[in-house]
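In what follows, a single structure is set out as structure tokens and then discussed.
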Amino acid sequence: MDPRRFTQIDATTWRIEPTGAMRVPAVIYADEDLIRGMDDKVGVQACNVATLPGIVTASYAMPDAHWGYGFPIGGVAAFDPDGGGIVSAGGVGFDISCGVRTMLTDLAVADIEPVQSRLADALFREIPAGVGSRGAITLDTVEMDRMLTGGARWAVENGWGESRDLERIEEGGAVPGARPDCVSERAKGRQRHEMGTLGSGNHYLEVQAVAEIVDRDAARAFGLAQDQVVVTIHCGSRGLGHQIGTEYLAGMPVAAAAAGIALPDRELACAPINSDIGQRYLGAMRAASNCALANREILGHYARRILRDFFPEVAVDLLFDVSHNTCKAETHTVDGEPREVYVHRKGATRAFGPGHPSLPDALRAAGQPVLIGGSMGTGSYILAGLASSEEKAFGSACHGAGRALSRHAALRQWSGRGIVDELAARGILVCSPSARGVAEEAPGAYKDVGAVVLAAERAGLARRVARLRPLICIKG
DNA sequence: ATGTGC
């Protein structure tokens with residue numbers, strides 16, 4: 001995008017004042033290079049979101065923003081239910097409650113090196129990955145509904161996880177207000193065999209090493225040390241969330257028209273929060289969130305089990321599990337008053353600062369861990385939420401590197417085999433059922449994650465704590 | 001993202 005279409009507020013804040021149907025400004029947090037690298041559609045979409053009924057304060061885009069279905073990926077917008085506010089399936093995304101968890105081990109890089117190849121083989125063999133992958137768990141109708149209301153708590157009760165994990169998961173492992181009755185039989189049917197599976201696209205399970213400590217005090221509070229081995233899982237609600245997104249997306253244009261909402265783009269289809277379909281979507285979306293929380297808990301359990309085959313005494317403690325595709329009712333300061341608003345975060349991570357009451361005691365002083373997935377070769381970051389993020393973007397930050405090239409362009413430029421060989425030469429073992437998927441996810445197809453997190457830090461969204469480098473990547 | 005799509 002041409003930076004000149006914005007008013008530059010400071011080095012990392014760019015603003016478009018309301019014009020036409022916009023009810024609030026659009027604000028993008030990024031440095032000038034990142035702005036230049038963004039598609040024009042990011043600005044257009046952020047402005048489109050600013051026209052939606054009940055939006056408060058501003059429509060925001062994070063430093064990793066790129067264009068998505070209706071709302072930008074990397075978009076944050078909050079709506080007031082008492083001011084005609086809306087909920088939008090396109091504002092959450094197809095992969096409902098897609099997110100990241102990082103688990104800390106007491107192993108060092110030197111412990112992994114002798115077993116790296118065998119460990120990669122074991123993880124690849126035992127963790128189902130790829131399009132349509134099936135797991136070892138099958139749910140009947142009763143267990144399906146229990147999973148959809150119980151989330152990670154349900155997983156723990158069934159032996160796939162540990163109860164001490166729960167306080168390290170957003171919402172304590174189970175999102176309240178889930179309504180399995182608002183989830184279609186088709187969506188449930190697609191999920192029957194998919195619990196404990198990774199899926200495809202940019203989803204992965206990685207064994208990583210702490211490559212750099214940026215903030216010593218926060219790293220200590222999080223339990224991170226140089227050369228420590230951690231396991232990070234990125235995945236979501238699989239077929240169930242996708243089916244729910246598809247079905248409600250189809251129903252929302254009618255609901256928007258019935259509510260007299262004029263849309264600048266059909267893809268922004270939405271419904272009033274205080275409407276039947278709005279409430280049904282929220283109930284189904286929360287059920288899908290619980291599916292994603294349960295899925296990540298099960299995958300974490302598998303990772304623990306496999307690590308213990310190699311290191312019987314290994315400790316594997318959950319640092320945090322956080323989603324980056326959600327709509328949540330939260331209390332934020334709006335026009336100087338605390339108000340409950342529905343915050344859509346689509347490709348944006350919740351980033352609550354120090355002292356936030358929702359954080360567990362052990363993390364309250366340091367702030368929420370903000371888990372940023374990079375690309376296969378470049379590594380990832382752990383950030384900490386900042387109090388300033390509350391007034392900048394309703395307590396949100398970026399979620400990843402963001403694509404620089406389309407999947408199609410990546411396929412033209414790289415082969416899966418070539419990427420696997422290139423990364424192996426750098427000590428990174430990649431295992432995937434799909435060579436095409438690996439080519440699509442080539443490190444060069446992504447922006448520089450370091451530039452993205454630096455911009456997030458400069459903008460006051462979150463601060464860098466540690467950088468991680470991959471050792472083993474199981475790719476969907 | 002997705003029992004991937006013309």
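Chain naming here is simple, since letters A, B, ... match the order of the sequence lines and numbering starts at 1 in each.
- Here the P atom of nucleotide dT2(B) and the CD atom of Glu194(A) are 8 Å apart, to the nearest Å.
- Atom CD1 in Ile96(A) sits roughly 12 Å away from atom C1' in dT2(B) (whole-Å rounding).
- Among the atoms of the strands shown, base atoms are found under 4.0 Å from some heavy atom of Arg186(A).
- Rounded to an integer number of Å, the gap from CD of Glu441(A) to C1' of dT2(B) is 14 Å.
- At whole-Å resolution of the value, CZ in Arg238(A) and C1' in dT2(B) are 8 Å apart.
- We find that OH of Tyr248(A) is positioned 20 Å from P of dT2(B), with the value rounded to whole Å.
- Here Gly239(A) lies in heavy-atom contact (under 4.0 Å) with sugar-phosphate atoms only.
- Taking atom CG on Leu411(A) and atom P on dG5(B), their separation rounds to 15 Å, with Å as the unit.
- Asn295(A) places a side-chain heavy atom less than 4.5 Å from the side chain of Arg238(A).
- The nearest whole Å value for the distance from the CZ atom in Arg436(A) to the P atom in dT2(B) is 14 Å.
- Counting any heavy atom pair closer than 4.0 Å across all strands shown, Thr246(A) reaches no nucleic acid atom.
- Residue pairs satisfying the side chain to side chain donor-acceptor pair (under 3.5 Å) criterion with at least one member in residues 135-154 of chain A, sequence neighbours excluded, are listed as follows: Thr138(A)-His193(A), Glu143(A)-Arg146(A), Glu143(A)-Trp154(A), Asp145(A)-Lys188(A).
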**Message:** Could you go through Glu441(A) and Tyr204(A), starting from their C-alpha distance and side-chain angles, then the distance that decides it, and tell me whether this counts as side-chain hydrogen bond (donor to acceptor under 3.5 Å, both in side chains)?
**Reply:** CA-CA 11 Å; Glu441(A) 296 294 322; Tyr204(A) 59 79; over 6 Å; no
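- Using the six-membered ring where Trp is involved, Phe71(A) and His344(A) have ring planes that are parallel, under 30° apart on the 30 and 60° scheme.
- Note: OH (Tyr69(A)) to C1' (dT2(B)) measures 14 Å, nearest angstrom.
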